[in-house]
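Notes follow once the structure below has been shown.
None of the values given here were measured: they were computed from a predicted structure. Below, each value reflects all heavy atoms present in this structure, side chains not excepted, and no hydrogens, waters or symmetry copies.
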Amino acid sequence: MSAQDRGALTADLDAILASPGMDGSDPGLVVRTADGELVYNHASDRRRQPASNEKLVTSATALDVLGPDYRFSTTVHAAGSRRGAVLHGDLVLRGTGDPTMLAADYDALAAKVADAGLRVVTGRLVADDTWFDDVRQGVSWAWDDEPYYYNAQVSALTVAPDTDYDAGSIIVRVAPGPNGKAVVTTEPPTDYVTVANTAVTGPAGSANTISVDRVHGTNTFTVTGSIPSGGATTSEWMAVWEPTDFAASLFRAALGRHGVQVVGQTTRGAVPAAATVVATRTSMPLRELLVPFLKLSNNLHAEILVKAMGRATSDQGTWTAGLDAVSSKLSAYGINPARVSLRDGSGLSRMDQISPDQLVSLLGAARNRPWFHDWYEALPIAGETDKLVGGTLRSRMRGTPAEGNVHAKTGSLTGVSSLSGYVTTADGQQWVFSMVTNNGLGVTLKNLEDAVAVRLAQEGSTARMVIPSTSPSSAVSELECSWVKAC
């Protein structure tokens, strides 16, 4: 790269970071070549809240600790003596954190129990979630996000309502109904939750003002507002209270559908040592789970992997043990673990702190890992419209030189935005970059990240970019694209 080219690139990147509306914000940006040569940096050594760029650290270290072929298992055990179709004892459902378990998977486990000839359980249905501890949410997670699926509770037994694998949540659907009322259903259908519905059906063409909330400490979901007659169904993804009990309730209902009666109550406990396995379900391997995890920025996948790492390294499914496992791998990526703050796996915590320099160090070192190809392809890809290809970048940088050439992880919290990954330049080089901005206020930071990525993708061509408008009146994007399910 000639001095003239380097000077032009530096001037353009400096101009982006000096865009109107950026006063008072704290952007950090670093760009390096594939072999580590510094191309550009601006305040890149300062630690900042990374938001979901934290998932780069979590996913890379999970691949190191657990391995690309790691699978979660969910098993059903018979604890007691069996005589023909009758189990004199308890039936135990045991989880290890599988975030891909759907209601249909619990139904399939129940079918296996029935196929094994079991018809009556004289004891209880026991839910064993002891693979992880019972701390459900992370340090400094926002209390007002608690009802929403991107802030769901972490458990070793959990359920996802969809194949995005939004573990620990349920979909509440609101549709126009007869007699001026709105109709509310859930996915999956269940009596585990209670719906308090006061929503109405308004005139055709009227405003949709539907709001769904959850009463703290309960599974009572309130549905209020108005939905227009003939309008589209409104769907809200909501976190359930105590996913262990939710999973057990779905499994118990499935057992009944398959003709297996459990006489006792549903409770919690650990599998006895002498229990025998009746049915098993294993998840996809981690190398495949990376796609919904990273493409869709799934917070619960990150936290489950942290606790799984703790269980694998110290037999403790806790955040403390898991984060110790993460920290133990950082020096191999050129990161001093004493110079970062990791309080969760997803980046939801406002106590997470890492610098763009440290993220680029990880990204650079990851290129030499045997699992790199899977990881690289699991990152969101700019402008690719397929949700499981473009991910959280699917609506960004379309029709620009960055489209298809930027593989990068997004991140968003109120006042925080980040984009870190890889860009292939116009002359065929692969560069590594990280941009993390804190204290943003009244400016669309993602426009600036896109401008940086587009300018890097242009390097080696004669085209020059247009710096985007970022007036102080621009709206702030506070959540990941996939978290709001609307982009």
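- For the residue pair N53/S434, the side-chain donor-acceptor check at 3.5 Å is not satisfied.
- S297 OG to K295 NZ: the interatomic distance, rounded to the nearest 0.5 Å, is 12.5 Å.
- Of the residues listed (V193, I170, T190), the one engaging N219 in a side chain to side chain contact (heavy atoms under 4.5 Å, CB included) is V193, and it is the only one.
- Side chain to side chain, Y333 and D64 meet the donor-acceptor criterion of an N or O pair below 3.5 Å.
- Judged by distance alone, the side chain of T61 and the main-chain N or O of T58 form a donor-acceptor pair under 3.5 Å.
- Checking R71 against S283 by side-chain atom types alone, no donor-acceptor pair falls below 3.5 Å.
- A distance-only check finds a donor-acceptor pair linking the side chain of N298 to the backbone of H301 [under 3.5 Å].
- With a 6.0 Å cutoff to the six-membered ring centre and a 45° limit on the axis angle, R311 counts as a cation-pi contact of W131.
- For S355 and Q358, the side-chain atoms include at least one donor-acceptor pair closer than 3.5 Å.
- A donor-acceptor contact under 3.5 angstrom links the side chains of D427 and T425, judged on distance only.
- The aromatic rings of Y150 and Y148 sit parallel, their planes meeting at an angle under 30°, below the 60° perpendicular limit.
- Using a 3.5 Å distance cut-off with no hydrogens or angles, the side chains of Y149 and N299 do not pair a donor with an acceptor.
- The shortest side-chain heavy-atom distance between R47 and S341 does not fall under the 4.5 Å cut-off.
- A distance-only check finds a donor-acceptor pair linking the side chain of S418 to the backbone of P50 [under 3.5 Å].
- Of the listed residues (D26, N438, T437), just one forms a side-chain hydrogen bond (donor to acceptor under 3.5 Å, both in side chains) with R48, and that residue is D26.
- Checked options F372, Y376, Y422; the residue passing with H407 is Y376 (criterion: ring-ring contact (aromatic ring centres under 6.0 Å, His included)).
- T392 and K409 share no side-chain donor-acceptor pair at under 3.5 Å.
- At least one donor-acceptor pair under 3.5 Å links the side chain of S461 to the backbone N or O of Q458.
- Residues R394 and D386 are not paired through a salt bridge, judged by the lack of any N-O separation under 4.0 Å between the basic side chain and the carboxylate.
- A donor-acceptor pair is defined here as one N or O able to donate and one able to accept, closer than 3.5 Å; such a pair exists between the side chain of T96 and the backbone of S73.
- Residues L330 and L342 are in side-chain contact: their nearest non-hydrogen atoms beyond the backbone lie under 4.5 Å apart.
- A donor-acceptor pair is defined here as one N or O able to donate and one able to accept, closer than 3.5 Å; such a pair exists between the side chain of N336 and the backbone of A338.
- Residues E146 and W141 bring no donor and acceptor atom of their side chains to less than 3.5 Å of each other.
- Between the side chains of D213 and T222, not a single donor N or O lies within less than 3.5 Å of an accepting N or O.
- Within the 3.5 Å criterion, the main-chain N or O of W237 finds no donor-acceptor partner in the side chain of S169.
- Side-chain contact of T410 with K446: a donor-acceptor pair under 3.5 Å is absent, judged by distance alone.
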Salt bridge (charged side-chain N to carboxylate O under 4.0 Å, His left out) between D129 and R136, worked out:
CA-CA 12 Å; D129 63 359; R136 299 300 192 213; 3.1 Å; yes
